[in-house]
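Presented below is the structure to which this report refers.
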Amino acid sequence: MDNSGVGDSGGVGDSGRVGDSGRVGDDFGRDWPGTEVEAIAVQERLRGRVRAATPAGFRPRTATGLDVHYTDVLVAAVCTVDLETLELVDSATCQGPESFPYVPGLFAFRELPLLLRALDKLTTPPEVLVCDGQGLAHPRRFGLACHAGVLTGIPALGVGKNALGDFEQPGPRRGDWSALTDGGEVVGRALRTQDNVKPVFVSVGHLVDLDTATDLVLTLAPRYRLPETTRQADHLARS
DNA sequence: GCGACAG
DNA sequence: ATCTTGTCGC
């Protein structure tokens, strides 16, 4: 088939050209508001495009981690690792000035513009995006991972170090998990990736279900709390 | 109303 | 996110 990147369904090429090149970074569907009110409106408009099911035959060979480091400017880094060996196979960075203030719930507007430009620089098309933050585990069900997935058309999931919703402590062993809820709705999982270590918070971004996302995160974190994708991207962003 | 709040 | 020493453990 063809999961070559941009412009999945929905179809309203409301800003910029329609994707035809297979590049990750097409302008399709992108707009970067300048105010919080506009940003929330963008989230409300795009949230309906999220697909929380894993496409049949989804067998990624690589996973791509996204992270942003804050200094004078923002440094976005993306790192693709082989899911078999967890070795780095591709990476890119991009830096630029702060373009949106930090507002919990409006994260994507701060980090995504640079992250998308970094994704454009990759040699190999990403198969699944592992975002540093939440996906559906978000007050409007449209966190960074959903936004990244919808704008690129690439399967995406969120792995947060902290949660926005409510959860009970999962069991103490690697692989144990408990439901992460918000307003009584299950929006993700508190997942223990290492024995007796604080859990991470996994949620669906786009084109993956919660079980698949959980499996991927466990695969990516055989030894450390955070997935290798995140660790590699974090390392690259601060170098 | 007030506080808390992904990175 | 970032400001920051030492310390315990594999």
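We name chains A, B, ... by the order of the sequence lines, and we start the count at 1 in each one.
- No contact: A:R223 has no heavy atom under 4.0 Å from any strand.
- Here A:N162 does not reach the OP1 or OP2 of B:dC5: none of its side-chain N or O atoms lies under 4.0 Å away.
- At whole-Å resolution of the value, CZ in A:F167 and P in B:dA6 are 12 Å apart.
- A centroid separation of less than 6.0 Å is found between the aromatic rings of A:H147 and A:F109.
- Rounded to a whole Å, the CZ atom of A:F201 is 11 Å from the C1' atom of B:dA6.
- Defined by atom type and a distance below 3.5 Å, a donor-acceptor pair is present between the side-chain atoms of A:D209 and A:T212.
- Across all strands shown, A:L66 has no heavy atoms under 4.0 Å from either base or sugar-phosphate atoms.
- Checked by atom type, the side-chain pair A:Q194/A:R225 shows no donor-acceptor distance below 3.5 Å.
- When only modelled atom types and interatomic distance are considered, A:R189 and A:S178 share no side-chain donor-acceptor pair under 3.5 Å.
- Straight-line distance from the CZ atom of A:R238 to the P atom of C:dC3: 9 Å, rounded to whole Å.
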Next on the checklist: A:L180 vs A:D166, test: side-chain contact (heavy atoms from CB on, under 4.5 Å). Steps then yes/no.
Outcome noted: CA-CA 6 Å; A:L180 174 62; A:D166 312 307; 5.9 Å; no

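- Whole-Å rounding puts the A:L180 CG to B:dA6 C1' distance at 11 Å.
- For the pair A:R141 CZ and B:dA6 C1', the computed distance is 14 Å after rounding to whole Å.
- Judged by centroid separation below 5.5 Å and plane tilt below 30°, A:F107 does not stack onto the base of B:dG7.
- For the OP1/OP2 pair of B:dG7 and a distance below 4.0 Å, the side-chain nitrogens and oxygens of A:Y70 include no atom meeting the criterion.
- Among the protein residues, A:G160 comes within range of the sugar-phosphate backbone only, with heavy atoms under 4.0 Å from sugar or phosphate atoms but none that close to a base.
- Straight-line distance from the CG atom of A:D166 to the C1' atom of B:dA4: 12 Å, rounded to whole Å.
- As a whole-Å value, the separation of A:R231 CZ from B:dG7 C1' is 18 Å.
- At whole-Å resolution of the value, CG in A:D182 and C1' in B:dA4 are 13 Å apart.
- Within the 4.0 angstrom heavy-atom criterion, no nucleotide atom of any strand lies near A:G158.
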